[in-house]
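Some notes on the structure that comes next.
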Amino acid sequence: MRNSEIALIFNQIADILEIKGENPFRVRAYQKVVRVLESLAEEVEEIYQTRELKNIPGVGEGIARKIEELLTTGKLQYYEELKESVPSGLVELLSISEVGPRTASLLHKELGIKSVKDLEKAVRKHRIKDLPGMGEKTEENILRGIELLKRRKGRMLLGKAYPLAQSIIDSLKKLSEVDRISSAGSLRRMKETIGDIDILVTSKKPAKVMEVFLSLPQIAEVLASGETKSSVIMEGGLQVDVRVVKPDSFGAALQYFTGSKPHNIKLRELANKRGLKINEYGVFKIKSGKKVAGRKEEDVYATLNLPYIPPELREERGEIEAGQEGSLPKLISLKSIKGDLHVHSKWSDGSDAIMELAEAARKLKYQYIAICDHSKSLGVAGGLSERDLERQIAEIRKVNEKLHPFRVLAGSEVDIRSDGRLDFEDDILKELDIVIAAIHTGFKQDRETITNRIIKAMKNKFVHVLAHPTGRVLHEREPYQVDMEAIIKEAKRTGTFLELNAFPARLDLNDVHCRRAREEGVMVTLGTDAHHKMQLDSMYYGVATARRGWLEDKDILNTLSLKELLKILKRN
DNA sequence: GCCGTTTTCGGCCCGACTGTTTTCAGTCG
């Protein structure tokens, strides 16, 4: 059983326990394990075979026993019984904003409501308002919550939310009334998908800021508007909240609203032990109530003897401990990137000529790009035949003569066929500067088959890079069943580099796998998979994911200069 | 249900907002 499946079950358990009004700390214990499982690179199955499950943080006696039962029998008696005790539709009520566990169980007890559909009917018949603790307003709010749920399209890709947020920030920045401004929340942490956009502002005239914000053209609906906080829904369904805070609280507010929640909880626990209290206004001494920090985010961390922790790391995955030990990574930044190692031209399914792409790359101050068009068996993507590839190499040589010292690397995104053989023979692969291998068909193979298939390709000495190693496409396709732990180990053994594909819907490797690669000493390459010169810009999201994966310059191949890069590529 | 440089038992983050209440419970981030 995979970690994600176990996490799903524990998440359900947490929800049901909440509805049943169980001890909230027990609920939190299950929620914590869910989070830990989601950020665990290694499969629990493997941990179970080699060592104690209780080594996993948040896993104690009880949960260890439950995991064991799931792994050995595929089922969990406790969960089955729990499910029986609560109608299945009740859990989905929790996804309506305004409806929490207490309301859900009240609705069920009093009106027999078992699903969102039931609830909507009851609301429209005005049967809610007479329940104890409810009223007309609550009824309206629940209806609004249901409508919001229907309209909400789930989380948005970072690649879409980020430019949107930036354009809002740019519009507000122009105002002389705006002093400081920053995004917060998961967007600032650069998570791969974003639930809503939070923007913080300091201003002496909040009303003016709000007025301008609320008049932005992309707004579909205003949910709330006040002096210090306004919420809107943008076209496309994303919610944006703007808050105005006082200058001497800006740092504390930024820290608070950036999260993540588990990161903040851990910080506040730490603060308590030192007789301090942290909230969105600042850091205070508990006894005297004296404020000791708040203006700058750095100061908030400093009161706990911590260095500044970059937002991308704030997921409670050991960053606080690393800060205490002084072992936080020096994260990679965009300006360290010297080139793009995965670009398509119009020779296959891209839309630009090699020269255009090279010119665009030079504008980004790169020293090189690798043209890696598809190989012959990928007919749908205009895969190149051996003959085409040779002609393409000739064209690349000509471009290089003109653009020297900039360099276009001749490459290929060679398809790994279903049996693990490559789409080109060695004698043509060896002509290339860089070979990246990838799977494009047969995604549904079982774990062992697909893992062995990929490993077979990695063993080819002409293959430098494994591209988009898990094959996921956010919102579209699950990763294949590949055993990433085995792939990372094999990458170490064969000297293969693992790609972090920067295309916003891929970001594959993800943050967790990046970190595992680093721990094993496997270098990562960054490539945008651009099919258009504009898409070279998505390198930014790749770098963000690398940062979330704790990667430094030295962990990333294309921070190397052209000369150093060529040396390494030849060695293979 | 977890966890321990104050603890193997008794803690477990913090405040705003809202609506329904006359002092607070529920929800949210």
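Per chain, numbering begins at 1; letters A, B, ... match sequence-line order. Below, all heavy atoms of this structure are taken into account, side chains as well, without hydrogens, waters or symmetry copies.
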Once base and sugar-phosphate atoms are separated, protein heavy atoms under 4.0 Å mark nucleotides 24-29 of chain B, 5' to 3', with B, S and - as --SSSB
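Under the side-chain contact (heavy atoms from CB on, under 4.5 Å) criterion, A:S182 pairs with A:R188, A:F250, A:L254, not counting sequence neighbours. The side-chain contact (heavy atoms from CB on, under 4.5 Å) search around A:E69 returns A:T73, A:L76, A:Q77, not counting sequence neighbours. With sequence neighbours left out, A:E552 forms a salt bridge (charged side-chain N to carboxylate O under 4.0 Å, His left out) with A:R518, A:K554. Taking the side chain to side chain donor-acceptor pair (under 3.5 Å) definition, one finds that A:E519 meets it with A:R516, sequence neighbours left out. Scored by the side-chain contact (heavy atoms from CB on, under 4.5 Å) test, A:E312 finds A:M190, A:P310, A:R547, A:R548 as partners (sequence neighbours excluded). Every residue meeting the salt bridge (charged side-chain N to carboxylate O under 4.0 Å, His left out) condition with A:K54, not counting sequence neighbours, appears here in chain and number order: A:E61. Among residues two or more places apart in sequence or in another chain, the salt bridge (charged side-chain N to carboxylate O under 4.0 Å, His left out) test is passed with A:E235 by none.
Within residues 290-314 of chain A, no residue is approached by DNA chain B to less than 4.0 Å at the level of any non-hydrogen atom.
Taking atom P on both B:dT20 and B:dC28, the two are 16 Å apart, rounded to the nearest angstrom. The same atom, P, is picked in B:dG1 and in B:dT5; the two are 23 Å apart, to the nearest Å. Separating the C1' atom of B:dT6 from that of B:dC12 is a span of 16 Å, rounded to the nearest Å. Distance check on atom C1': B:dT23 versus B:dT18 gives 15 Å, rounded to whole Å. Atom name P, nucleotides B:dG10 and B:dG15: the rounded distance is 26 Å, in whole Å. Only the P atoms considered, B:dT27 is 15 Å distant from B:dT21, to the nearest whole Å.
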Taking only nitrogen or oxygen atoms into account, show me every contact under 3.5 Å that the protein makes with nucleotides 7-11 of chain B, one pair per line with its distance.
none

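Distance, A:F25 CZ to B:dC12 C1': 5 Å, rounded to whole Å. Between the C1' atom of B:dC14 and the CG atom of A:L276 lies a distance of 15 Å, rounded to the nearest Å. Look at NZ on A:K137: it is 9 Å from C1' on B:dG19, rounded to the nearest Å. Rounding to whole angstrom units, OH of residue A:Y30 and C1' of B:dC12 are separated by 17 Å. The separation between A:E136 atom CD and B:dT20 atom C1' is 12 Å, rounded to whole Å. Here the P atom of nucleotide B:dT18 and the NZ atom of A:K129 are 23 Å apart, to the nearest Å. Whole-Å rounding puts the A:I67 CD1 to B:dG1 P distance at 13 Å. The distance from atom CG of A:N272 to atom C1' of B:dT6 is 14 Å, rounded to the nearest whole Å.
Nearest-nucleotide mapping onto DNA chain B: of A:K277 and A:E139, the residue sitting toward the 5' end is A:K277. Where A:M134 and A:A64 each meet DNA chain B at their nearest nucleotide, the meeting point lying more 5' is that of A:A64.
For A:E269, whose side chain is taken as the heavy atoms from C-beta onward, the closest listed nucleotide among B:dC14, B:dG1, B:dC12 is B:dC12.
At a threshold of 4.0 angstrom between heavy atoms, the contacts of A:I278 are confined to the sugar-phosphate backbone, with no base atom among them. Heavy atoms of A:K54 sit nowhere under 4.0 angstrom from any nucleic acid atom.
Taking 4.0 angstrom as the limit, A:N141 places none of its side-chain polar atoms (N or O) nearer than this to OP1 or OP2 of B:dT18. For B:dA16, the OP1/OP2 oxygens have a side-chain nitrogen or oxygen of A:Y281 closer than 4.0 Å. Between A:T138 and B:dT18 there is no side-chain N or O to OP1 or OP2 distance below 4.0 Å.
B:dT8: no Watson-Crick or G-U partner with both key distances under 3.5 Å is found in any strand.
Panel note: side chain A:N11, backbone A:A7; no donor-acceptor pair is recorded below 3.5 Å.
Among residues at least two apart or in separate chains, ring-ring contact (aromatic ring centres under 6.0 Å, His included) pairs with a member in residues 1-44 of chain A are A:F10-A:Y30. The list of ring-ring contact (aromatic ring centres under 6.0 Å, His included) pairs with a residue in residues 67-125 of chain A, not counting sequence neighbours, is empty.
For NZ of A:K129, the number of neighbouring non-hydrogen atoms (other residues, nucleotides, ligands) closer than 6.0 Å is greater than 12.
Closest approach of A:E139 and A:I128 over heavy atoms only: OE2-N, 3.0 Å.
Syn is the classification of B:dT7, since its glycosidic angle stays within 90° of 0.
Geometric assessment of A:R65 against the ring of A:Y48 yields a negative cation-pi assignment under the 6.0 Å and 45° thresholds.
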